[in-house]
Amino acid sequence: MSKIISIHSFRGGTGKSNTSANLAALLAVSGKRVGVIDTDIASPGIHVLFGLTGNDMGHSLNDYLWGKCAIKDTAHDVTASLGVETSGKLFLIPSSSDSAEIARVLREGYDVSLLNDGCQDLIEDLNLDVLMIDTHPGVNEETLLSIAISDVLVVILRPDQQDYQGTSVTVEVARKLYVSKLLLLVNKTPTIFDFDDVKKKVENSYNAEVAAVLPHSDEMMVLASEGIFVTRYPDHAITTSLKRVAELLMS
């Protein structure tokens, strides 16, 4: 059975797209056929991590939403961009970074129900084991649909009071939508914090499992989205933690 996994955060800047890309990479390296769909149409960016530019992107999710092509035509095989031996496959369905396309989405909107149909078609057409949805931050019609169709929802937050309050909203919505599995991931944690205390505080606050507490990383900042962290730094503590998260996602 294929799994749909949504990676979400209430606010931007949590490292959502980086986490989506790195978890997808780990699953592909482990032998899974993985698709990653960027539904953050108003502010797309995950394609940068896989080395795609607007010039070589070809069809995007926007083209599918405007009825210009089938969604399978928007899938790009980015397996080679991982730079390591990979027994699985990794496909990216990017959103357009063209300013005119973004303006059109903001001005006209789109039929959100097409996303549900598109996700199911992708799983079938690409024979996916996992479809990972990199969502738009906050709560809107698109994120509600993504959460509702997910087998697993990963909510990313930072150890910050604004993130804590916003995450409460997301967790409440997820429970009302009967998400099968909810995991929290605390990201960009200052290394002076006691990580066990952070984990306990978050789990007690939301009555939900914390899959990992990840530290702030200078290496991640220096990489600056020019590649996939887990393949560049295979022995880093963040990579070790994300491997455990990837296992939780498939359990």
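In this structure, Ser99 has no side-chain contact (heavy atoms from CB on, under 4.5 Å) partners at least two apart in sequence or on a different chain. For Lys199, the salt bridge (charged side-chain N to carboxylate O under 4.0 Å, His left out) partners at least two apart in sequence or on another chain are Glu203. Taking the side-chain contact (heavy atoms from CB on, under 4.5 Å) definition, one finds that Thr79 meets it with Asp77, Thr86, Lys89, Leu90, sequence neighbours left out. Applying the side-chain contact (heavy atoms from CB on, under 4.5 Å) test to Ser81 and every residue at least two apart in sequence or in another chain returns Phe50, Val78. Applying the side-chain contact (heavy atoms from CB on, under 4.5 Å) test to Ala237 and every residue at least two apart in sequence or in another chain returns nothing. Partners of Phe229 according to the ring-ring contact (aromatic ring centres under 6.0 Å, His included) rule, which considers only residues two or more places apart in sequence or in another chain, are Tyr233, His236.
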Donor-acceptor list for residues 113-131 side chains, cut-off 3.5 Å, not counting sequence neighbours:
unit_1 : atom_1 : unit_2 : atom_2 : d
Ser113 : OG     : Asp111 : OD1    : 2.6
Ser113 : OG     : Asp111 : OD2    : 3.2
Asp129 : OD2    : Arg33  : N      : 2.8

Determine all donor-acceptor pairs shorter than 3.5 Å in which one atom belongs to a side chain in residues 145-154; sequence neighbours excluded.
unit_1 : atom_1 : unit_2 : atom_2 : d
Ser146 : OG     : Glu142 : O      : 3.1
Ser146 : OG     : Glu142 : OE2    : 3.0
Ser150 : OG     : Ser6   : OG     : 2.6
Ser150 : OG     : Ser146 : O      : 2.5
Asp151 : OD2    : Ile4   : N      : 2.8

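Side-chain contact, Thr143 with His136: no donor N or O sits under 3.5 Å from an acceptor N or O. Looking at Ser60 and Ser96, their side chains never bring a donor and an acceptor atom within 3.5 Å of each other.
Looking only at distances, a side-chain donor or acceptor of His76 sits under 3.5 Å from a matching main-chain atom of Met57. Side chain of Asp73 to main chain of Cys69: no donor-acceptor pair is present (N/O by atom type, distance under 3.5 Å, no hydrogens or angles). A donor-acceptor distance shorter than 3.5 angstrom exists from the side chain of Ser95 to the backbone of Asp38, with no hydrogens or angles considered. Looking only at distances, no side-chain donor or acceptor of Ser241 sits under 3.5 Å from a matching main-chain atom of Ile238. For Ser17 (side chain) and Ile46 (main-chain N/O), no donor-acceptor pair under 3.5 Å exists by modelled atom type.
The side chain to side chain donor-acceptor pair (under 3.5 Å) pairs that include a residue from residues 179-188 are Lys181-Ser251, where partners are two or more places apart or lie in different chains. Annotation: salt bridge (charged side-chain N to carboxylate O under 4.0 Å, His left out) contacts involving residues 214-238, sequence neighbours excluded, are absent. Listed by first and then second residue, the side chain to side chain donor-acceptor pair (under 3.5 Å) pairs involving residues 163-173 are Arg11-Asp163, Arg158-Asp163, Glu172-Lys176 (not counting sequence neighbours).
Here Ile102 is tied into one hydrophobic group with Leu106, each link being a pair of ILVMFWY side chains closer than 4.5 Å.
Closest heavy-atom contact between Ser20 and Ile7: OG-CB, 3.2 Å. The minimum heavy-atom distance linking Ile156 with Lys16 is given by the pair CD1-CA, 3.7 Å.
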